Amino acid sequence: MEQPTRPDSIAVLTSGGDAPGMNAAVRAVVRTALALDIQAYVIHEGYLGMTDGGPAIQPATSVQVGGILQRGGTVIGTARSPAFRTRDGRRRAAANLLERGIDALVVIGGDGSLTGANLFRSEWPELLDELVEAGQVDRALADRHPHLRLVGIVGSIDNDMFGTDMTVGADTALHRITEAVDAIHSTAASHQRSFVIEVMGRNCGYLALMAGLATGANWVFIPEHPPEVDDWQTLVCETVMAGRRIGRRQNLVIVAEGAQDRYGERITSSEVQDVLSRGLGEDTRVTILGHVQRGGAPSAFDRNLSTECGYHAVHELVRLGPDEEPKLIGIRDNRVTSSPLMDSVIKTQAVAEHIAARDYDQAMRSRGGSFIESFETLKTLVRAQPSREANGRRTLRLALLHGGGPSPGMNTAVRAALRMAVDGGHTVLAVSGGFPGLQEGRIEELEWMSVSGWVSHGGAEFGTSRTVPKAADLGAIAAQLEANGIDGLLMIGGFDGYESAHLLHTARNIHPAFDIPIVCLPATISNDLPATEITVGADTALNSITTNIDKIKQSGGAQQRVFVVEVMGKDSGYLALSAALATGAERTYLPEEGITLDQLRHDVMQLTAGFRAGQRIGLLVRAEHADRVYTTPFLWALFEKEGGGAFDARQAILGHLQQGGDPSPFDRIQATRLAARCIEFLVEHGGAGRSTSAMCGLIAGQVVFTPLEDFPGLLDPDGARRPADQKWLDLRPIVDTMAAEALH
Ligand code: ADP
């Protein structure tokens, strides 16, 4: 392998179908390259621009890629290019790149685009020889760029690519679908109608499956897993009827556009409509969501995924040997990864082949563990019935309660937990008002339908409390657990809830009533808990912060203005840092790092210089606990006074809108997934002698249970309320690179 040398110039293009988030990737590629003193180019209109050359290939500046983060689609354009499928077209493309000294490429597109890019890279030396022979290119120039380095990022709303758990655009598409289905739900419930919703996904059921989990659908048809019986029509009708019998007012069936039966025959949305209206004798409507799914502002997740991938793509191009195989940058198990590009393309195409060959087991296996787990959860929730026979198993009395601040997704988790538990023959009790409510005995038994529609409801219907019991309260709590015969406790909440649960668990030697399995499900917007990398509610809060900062920035675009925006998060900088990345903040102040006077002086000077050089808007994101003395009003006053007339300053404390709102699709899915696993945990450990208690979490994409006694040991040793391992700080260099370039 040849020794890596830095590429002279890196070009970025978007190709194939557009996807929200592509702009963030383009911006990140350009800014990261410039930060490394590498010339960046953007190629407009995908391969069409590359073969045409001329003004389609432009050197890029940091400012040019400013202000595009929040925009849907791709601002540099995409196109299908028949010419690029020909060798002649690719030769022209090579000449156009060579002319500008470009020998490294980031392609953002689907598997078609990446296949084309791979072919182009492998032909590069021959294309150059042909150009030299034809006298179109100097031998010396060709010799300076003997290889093309290539890195791909998958832009596709379908999430259909092997090699990355999420493609750029899929999360946003799920937002669009969920918004639409929520809207349809309210009208469906008013009329006792059935609705069939068709979503995109020719070979991939990701959108349909996840939308099904996020909206509480009665049935989902996906290409990878056709109905298991020949007469699926009767099965679907029976399932939907069963739902009606237990009081469901609305029926919702989601169909992926590539859905099929066990014989490979398409199942279309209109066929499902016929089956339901004939089978149920009920008005059934179809909504084909179509291009709505592709549109709109990218979600916070998509912005950050793209930015991270763009940043790592450039670093990968620098690291790659010139003749090294191309790489795909993606995310696996919640970590950015680099994998062989063609291997991923081939495996992606193989899934389509498995489906075509009706090898559905293989198709499902290729989708990976969490897809299969999500499908199993959905199947159980669809099938779940109230008062299912316990079949001789010991039935338990399980109590649910919240602790800590309210978080979107708490109701979603309660719904899933109740249904999974009752389906297993267990009794579920809900405690109102958190641990103080438990002490006071505010306990009621839940009915199957008490949680109807809760999948999408923000807030916490049973109420929550930040109060942690004192030693003197424990006796009364123990008495309530005993009086209600509670065999297991599910605490869905945040830091105070964890502390309370831990307290009960440690007091089990004194109060035998606490010697039951206690499991904590992480639900807080702050993402400040140990034993998990992400908490339910944080994604919703992040999206809400992101959309609100978009509006704030828009309002200030006309004046020269600096905004100091304060976000929640308590002692955790997760929300502030992630929001800074998603909104393009120039500065971020975090509790993990604190604020110094030197830093503030430097920031004022840099912003003033930026504005004097033409910058129009500045954004500073400050986490609420970043510093006790340098508060948000202090920062505002400082920037207002010291800006020297280059800009004026405003402050915005986002406050409680961050805790409100209906949960995002991601939060609904994780709440459902974790709640299902927590119930399994309680059932497994319930009534088995000395009990095991745990914190449930998502680590590297997997659901993990960590012993509850480890809670204090996993906290930051400096005494702050956050985990010792603050994984989100990995984003810091990326946030800084994006910001530094913005101020150039
Ligand atoms: P996607 O990237 O979304 O899968 P397409 O399959 O339409 O979209 O591919 C986009 C473009 O990539 C095509 O218009 C063509 O220029 C190029 N391309 C796709 N497949 C190939 C191929 N096998 N060889 C060369 N170019 C290709």
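Both ligands and their constituent atoms are indexed starting at 1 by order of listing. Just so we're clear, the structure is a prediction, and the values are computed from it rather than from any experiment. All values below come from the heavy atoms of this structure, side chains included, with hydrogens, waters and symmetry mates left out.
- Residue Arg87 places its CZ atom among more than 12 non-hydrogen atoms of other residues, nucleotides or ligands, all under 6.0 Å distant.
- Atom 11 (C) of ligand 1 has as its closest protein heavy atom Ser15 OG, 3.8 Å.
- The nearest non-hydrogen atom to atom 18 (N) of ligand 1, considering only Ala83, Gly112, Ser156, comes from Gly112.
- With atom 7 (O) of ligand 1 as the reference point, the heavy atom nearest to it among Glu123, Arg80, Arg85, Met161 is part of Arg80.
- An N or O contact shorter than 3.5 Å links Gly17 to ligand 1 by distance.
- Against a heavy-atom cut-off of under 4.0 Å, Asp111 is close to the following atoms of ligand 1: 4 (O).
- When heavy-atom distances to ligand 1 are checked against a 4.0 Å cut-off, Phe84 comes that close through both its backbone and its side chain.
- Residue contacts with ligand 1, taken as heavy atom pairs separated by less than 4.0 Å, do not involve Leu114 at all.
- Looking at ligand 1, you won't find any N or O of Ala79 less than 3.5 Å from one of its N or O atoms.
- Looking from atom 10 (C) of ligand 1 to the surrounding protein, the closest heavy atom is Ser113 OG, 3.4 Å.
- Put simply, the side chain of Arg121 never gets that close to the backbone of Leu150: no donor and acceptor are under 3.5 Å apart.
- Within 6.0 Å of CD in Glu376 there are more than 12 heavy atoms belonging to other residues, nucleotides or ligands.
- Looking at residues two or more places apart in sequence or on another chain, you find no ring-ring contact (aromatic ring centres under 6.0 Å, His included) involving Tyr360.
- For atom 26 (N) of ligand 1, the nearest non-hydrogen atom of the protein is Gly116 CA, 3.4 Å.
- If you check the side chains of Gln70 and Asp550, you find no donor sitting under 3.5 Å from an acceptor.
- An N or O contact shorter than 3.5 Å links Ser81 to ligand 1 by distance.
- For the pair Ser15 (side chain) and Gly109 (backbone), a donor-acceptor distance under 3.5 Å is absent.
- When hydrogens are left out, the protein atom nearest atom 23 (N) of ligand 1 is Thr115 CG2, 3.8 Å; that is the closest non-hydrogen contact.
- In this structure, Thr164 contributes its side chain and Thr167 its backbone to no donor-acceptor pair below 3.5 Å.
- Residues passing the side chain to side chain donor-acceptor pair (under 3.5 Å) test with Asp274: none are found, sequence neighbours excluded.
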